[in-house]
Amino acid sequence: MAHEKVLLVTGGSRGIGAAVALKAAEQGWSVLINYVSNAQAADAVAAKIRSLGGAAEIVQGDTGSEDGIAAIFRAVDERFGRLDGLVNNAGVVDQTARVDEMSRERLDRMFAINVVGKIRCASEAVKRMSTRHGGQGGSIVNLSSMAAVLGSPGQYVDYAAAKGAVDTFTVGLAREVAAEGVRVNAIRPGIIDTDIHASGGLPDRAKDLAPSVPMQRAGTADEVAEAVLYLLSPHASYVTGTIMNVSGGR
Ligand code: NAP
């Protein structure tokens, strides 16, 4: 059983989640890296952490399903025996489409992973961290998006609406558990250079949109991870219910 602070990063195998896992390990967290299909990528992140002297484990689990969430939290309990932080990062887009082209199946998947999965993971984390449940407190950081504010017309309004729900959930849960030692905050990344754009059929999206960003460039996963690590840390001890834009001014 670990004595270090334990952090669960959902979708920690690639992109922003992988950057968070690596940075958290550098700062002394033991990290549980969740992935859904790319075991090789998750293994590579864990191996890099271990090669630098840190502690990391990986766990497969779809955050859009109850079975997946059960597997993830079973791994938390059996392999670490404690939980101090959750980065609710796993998220998906879909092919760009107008709202009048979106199917029911698409919306079900979008909300299952991006909203219900995040609420369920936070719920399981609160059961382990809240002083009300005998825990020692902790911190949750939800990955929202600037899409929540901008609406993503013509691309993925469904994704933007799901991120709006993440924002509201962040504020509500933060207030609900504020007196129980658990802080809850969110980050709204702007255009960040990761694989997510290719998964929506637009591999050049970060490059193409860079000129529209006030800073004239896409952000990096590392730049988002810095903000996540701040919110997880004691430096943010009086920060809860906050939604921080990490978007180059977008
Ligand atoms: P990414 O590069 O596409 O990586 C997605 C990660 O999530 C991978 O580790 C993937 O695992 C995992 N994942 C996907 N579906 C999952 C599921 N159902 N269960 C568990 N894990 C799952 O994405 P990213 O760009 O780093 O985005 C991370 C978060 O930031 C998301 O919530 C996204 O909405 C948000 N965000 C990103 C941007 C951006 O521009 N990149 C902007 C705003 C917000 P596998 O490796 O196994 O596939």
Side-chain angles (χ1 to χ4, degrees), residues 8-22 31-46 58-73 75 86-94 108-118 120-121 141-150 152 155-156 158-167 169-170 186-210 212-213 217-225 227-228 243-248 250:
L8 166 62
V9 185
T10 65
S13 46
R14 292 183 292 119
I16 292 167
V20 168
L22 288 163
V31 187
L32 179 58
I33 298 160
N34 156 249
Y35 68 98
V36 67
S37 56
N38 197 334
Q40 210 179 353
D43 262 331
V45 178
I58 69 170
V59 60
Q60 196 278 336
D62 177 355
T63 59
S65 82
E66 276 306 298
D67 285 352
I69 292 167
I72 293 166
F73 282 88
L86 164 66
V87 179
N88 231 342
N89 168 76
V92 292
V93 295
D94 208 318
D108 285 346
R109 169 179 175 268
M110 186 67 74
F111 279 77
I113 298 170
N114 292 343
V115 182
V116 180
K118 279 186 167 60
R120 286 287 300 117
C121 285
V141 180
N142 295 322
L143 267 293
S144 173
S145 170
M146 284 309 292
V149 178
L150 300 170
S152 303
Q155 293 207 323
Y156 11 72
D158 51 349
Y159 171 82
K163 294 300 188 179
V166 170
D167 284 2
F169 169 63
T170 299
I187 302 274
R188 286 195 197 114
I191 305 294
I192 310 300
D193 192 7
T194 71
D195 299 342
I196 202 169
H197 310 292
S199 73
L202 298 173
D204 295 328
R205 184 166 180 265
K207 186 162 57 77
D208 292 346
L209 288 180
S212 71
V213 178
R217 65 173 179 87
T220 66
D222 261 356
E223 288 175 308
V224 180
V228 172
I243 303 169
M244 187 193 291
N245 297 347
V246 181
S247 63
R250 184 174 148 91

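Atoms within each ligand, like the ligands themselves, are counted from 1 in listed order.
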Tell me the contacting part of [X] for ligand 1: side chain, backbone, both, or neither, using a 4.0 Å heavy-atom threshold, strictly below.
| X | result |
| --- | --- |
| Asn89 | both |
| Met146 | neither |
| Asp193 | neither |
| His197 | side chain |
| Ala39 | neither |
| Ala41 | neither |

Backbone N or O of Ala221 within a donor-acceptor pair of the Asp193 side chain at under 3.5 Å?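 No, because the side chain of Asp193 does not come within donor-acceptor range (under 3.5 Å) of the backbone of Ala221.
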Using modelled atom types only, decide if a donor and an acceptor are shared between the side chain of Asn142 and the backbone of Ser144 within a distance under 3.5 Å.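 Not confirmed, Asn142 side chain does not pair with Ser144 backbone.
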Is it the case that Ser13 and Asn38 place a side-chain donor and acceptor less than 3.5 Å from each other?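 Looking only at side-chain atoms, Asn38 and Ser13 do not form any donor-acceptor pair under 3.5 Å.
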Taking only heavy atoms of [X], which atoms of ligand 1 are found under 4.0 Å from at least one of them?
| X | value |
| --- | --- |
| Ile113 | 18 (N) |
| Asn34 | 20 (C), 21 (N) |
| Gly61 | 19 (N), 20 (C) |
| Lys118 | 32 (O) |
| Asp195 | 2 (O) |
| Asn38 | 45 (P), 46 (O), 47 (O) |
| Gly15 | 2 (O), 26 (O) |

Would you check the N or O atoms of Tyr35, main chain and side chain alike, for any that come under 3.5 Å of an N or O of ligand 1?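 So ligand 1 has no N or O lying under 3.5 Å from an N or O of Tyr35.
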Judging by distance only, is a nitrogen or oxygen of Ser145 under 3.5 angstrom from one on ligand 1?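 In fact, backbone or side chain, Ser145 has no N or O that close.
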As an exercise, state the distance from [atom1] of [X] to [atom2] of [Y], rounded to the nearest 0.5 Å.
| X | Y | atom1 | atom2 | result |
| --- | --- | --- | --- | --- |
| Ile191 | Arg250 | CD1 | CZ | 4.0 Å |
| His197 | Gln155 | NE2 | CD | 10.0 Å |
| Leu86 | Thr10 | CG | OG1 | 6.0 Å |
| Ile192 | Asp222 | CD1 | CG | 11.0 Å |
| Lys163 | Tyr156 | NZ | OH | 11.0 Å |

How close does the nearest protein non-hydrogen atom get to [atom], and which residue and atom is it?
| atom | answer |
| --- | --- |
| atom 41 (N) of ligand 1 | Thr194 OG1, 3.1 Å |
| atom 33 (C) of ligand 1 | Tyr159 OH, 3.5 Å |
| atom 19 (N) of ligand 1 | Thr63 N, 3.0 Å |
| atom 15 (N) of ligand 1 | Val92 CG1, 3.6 Å |
| atom 13 (N) of ligand 1 | Val36 CG1, 4.0 Å |
| atom 7 (O) of ligand 1 | Gly11 CA, 3.4 Å |
| atom 45 (P) of ligand 1 | Ser13 OG, 3.4 Å |

Checking Leu32 against Val59 for the side chain to side chain contact (heavy atoms under 4.5 Å, CB included) test, could you report, in this order, the C-alpha distance in whole Å, the side-chain angles of both residues, the deciding distance, and whether it holds? CA-CA 7 Å; Leu32 179 58; Val59 60; 3.8 Å; yes
Report the member of [options] with the shortest heavy-atom distance to [atom].
| atom | options | answer |
| --- | --- | --- |
| atom 37 (C) of ligand 1 | Ile191, Ile192, Ile187, Ile16 | Ile16 |
| atom 10 (C) of ligand 1 | Arg14, Arg250, Lys163 | Arg14 |
| atom 38 (C) of ligand 1 | Gly12, Ala206, Gly190 | Gly190 |
| atom 21 (N) of ligand 1 | Ser199, Ser144, Ala90, Gly91 | Ala90 |

Holding to salt bridge (Lys or Arg N to Asp or Glu O under 4.0 Å), I want the full list of residues that pass it with Arg205, two or more places apart in sequence or in another chain.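 Salt bridge (Lys or Arg N to Asp or Glu O under 4.0 Å) check on Arg205 returns nothing, list empty.
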Asp43: what forms a salt bridge (Lys or Arg N to Asp or Glu O under 4.0 Å) with it, not counting sequence neighbours?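 None.
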Ala18 to ligand 1, any heavy atom closer than 4.0 Å: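 Checking ligand 1 against Ala18, which is what was asked, there is no heavy-atom contact under 4.0 Å.
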So is Asp62 close enough to ligand 1, meaning a heavy atom under 4.0 angstrom away?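 Checking ligand 1 against Asp62, which is what was asked, there is a heavy-atom contact under 4.0 Å.
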Residues Met146, Asn245; criterion side chain to side chain contact (heavy atoms under 4.5 Å, CB included); working and verdict: CA-CA 7 Å; Met146 284 309 292; Asn245 297 347; 3.5 Å; yes
Do [X] and [Y] have side chains that get closer than 4.5 Å, going by heavy atoms?
| X | Y | value |
| --- | --- | --- |
| Val213 | Ser247 | no |
| Val246 | Arg188 | no |
| Val224 | Leu143 | yes |

Option among Val20, Val45, Val9, Leu8 that satisfies the side chain to side chain contact (heavy atoms under 4.5 Å, CB included) test with Ile33: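 Option passing the side chain to side chain contact (heavy atoms under 4.5 Å, CB included) with Ile33: Val45.
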